[in-house]
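This report refers to the structure that appears directly beneath it.
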Amino acid sequence: MEMTVVFDPRDPSVRTDPYPIYRRLREADPIHRSNFGYWVLSRYADVDAVLRAPEASSEFYRNTTWANRRGGPESPLVQSVQNWMLMLDGPAHRRIRSVISKVFTRASVERLRPRIAAETERLLDAVGEGDTDLIQSLALPLPVTVTCELLGLPTRDRDQCRRWTEHISRVIDPSITDEDAADMNAAEVEFREYVSGHIKERRATPREDILSLLVHADVDGERLTDAEIIANIQFLFVAGHETTVNLIGNGLLALLRHPEQLRILRENPELIANSVDEISRYDTPVQIVSRILGGSVELGDVTLPEGAKVMLLFGAAGRDPERYPDPDRLDVTRTGTKTLAFSGGPHYCLGAGLGKMETAIVLTELLRRYSKIELTGEDLVWRPNVSFRGLRELPLRLIR
């Protein structure tokens, strides 16, 4: 009997444990025509092909249904995302990316290592021993602080910026409600006003930060507009910490549930840096991205038509047995891992190297300091955003 599969991102199990759902999709209906108007892809090869396809567009704000779900085409957040590097294609995307990429060269990222290590040590000094929620005590404040410093926003405002962007990041979530849309737009207005004040300061007194770079950038003889600057500060704040918070939390949880893998890293700390790709494959911090097709795309014997909305399941691709042998097994010694946790194609995340370095530093320092790390509760709460998979808290007992 043929198995019927229905994928619904609003299903609570997509947040708590999506991998059995993904497995059923890959096996029964890997190019799934959903009931909510999207084609849903779950195989690695198909997801990777669409990420690289010239016909695949990120400019979802042009879709009336998508925009209306987020407050309408004239709403503050939909107006903002029209300038997000993430939501642009072709020359418009390259125009912004060419400026921001200067900050994320390998050498530039490596220069941040001592600062990240020092902040990790400071946060763990405050934790000491005993029980802690590692999300609130380390996994969240570390990348938020690093992002504030990179962008040029005062670290004293990091908690407020985080609250704004927690709402704003829902813009790509396929499961939002009307209440979510109202919260997103209110947060965008407040964050925009906040960044506007800092733009005026940087025009008068530039510093060594991304905000100054954007304010004073000359792209083909033109300056970026204030709207472009503000929109991309919003985007970079989301991108600069969201993936890393989840990568640290999901990764440590996976290691605690696979103690033999944690033991391997304790005994072979030189493996930690490369293990981050495997950790991100196993429980990817970015689960879902979408594209809209400006032309038809062939996937084997299936043609996705022009105008199709396509949902790419990064989490499913990471567990595809056609790409990874024994994919449901965490293996920190695995080689050849080409994770999609940081997307692919022209929209590959500029900050991937930074996020992976932050995660490796955290894991290295935790294993150096503590002889035992124990999970103190299994009743874990996942955040409501299905596109970004991450824990609200990670209750641990740390023992030296």
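In terms of heavy-atom proximity, M85 sits nearest to N232 at N-OD1, 2.8 Å. The minimum heavy-atom distance linking G390 with N246 is given by the pair CA-OD1, 3.2 Å.
At a threshold of 4.0 Å, the pair R106-E110 does not count as salt-bridged, since none of the basic side-chain nitrogens sits closer than that to a carboxylate oxygen. Under a 4.0 Å N-O distance rule, the pair E179/R170 does not qualify as a salt bridge. With respect to E166 and R392, a salt bridge is recorded, a charged nitrogen being found less than 4.0 Å from a carboxylate O.
Y19 and Y282 have parallel rings, their planes meeting at less than 30° on a 0 to 90° scale where 60° marks the start of perpendicular. Ring geometry for Y38 versus F36: interplanar angle of 30 to 60°, hence tilted. Ring geometry for W66 versus F60: interplanar angle of 30 to 60°, hence tilted.
Distance check, rounded to the nearest 0.5 Å: CG of D11 to CD1 of I21 gives 5.0 Å.
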(request) Go through the steps for E278 and L330 under the test side-chain contact (heavy atoms from CB on, under 4.5 Å), then give the verdict. (result) CA-CA 7 Å; E278 169 67 1; L330 180 69; 3.9 Å; yes

(message) Set out, in order, the CA-CA distance, both residues' side-chain angles and the distance that settles side-chain contact (heavy atoms from CB on, under 4.5 Å) for H198 and I233, then state yes or no.
(response) CA-CA 11 Å; H198 289 288; I233 290 294; over 6 Å; no

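At a cut-off of 3.5 Å, with distance as the only test, no side-chain donor of S57 or R62 sits close to an acceptor on the other residue. Side chain to side chain, D180 and T177 meet the donor-acceptor criterion of an N or O pair below 3.5 Å.
Judged purely by atom type and a 3.5 angstrom limit, T132 has no side-chain atom pairing as donor or acceptor with the backbone of V127.
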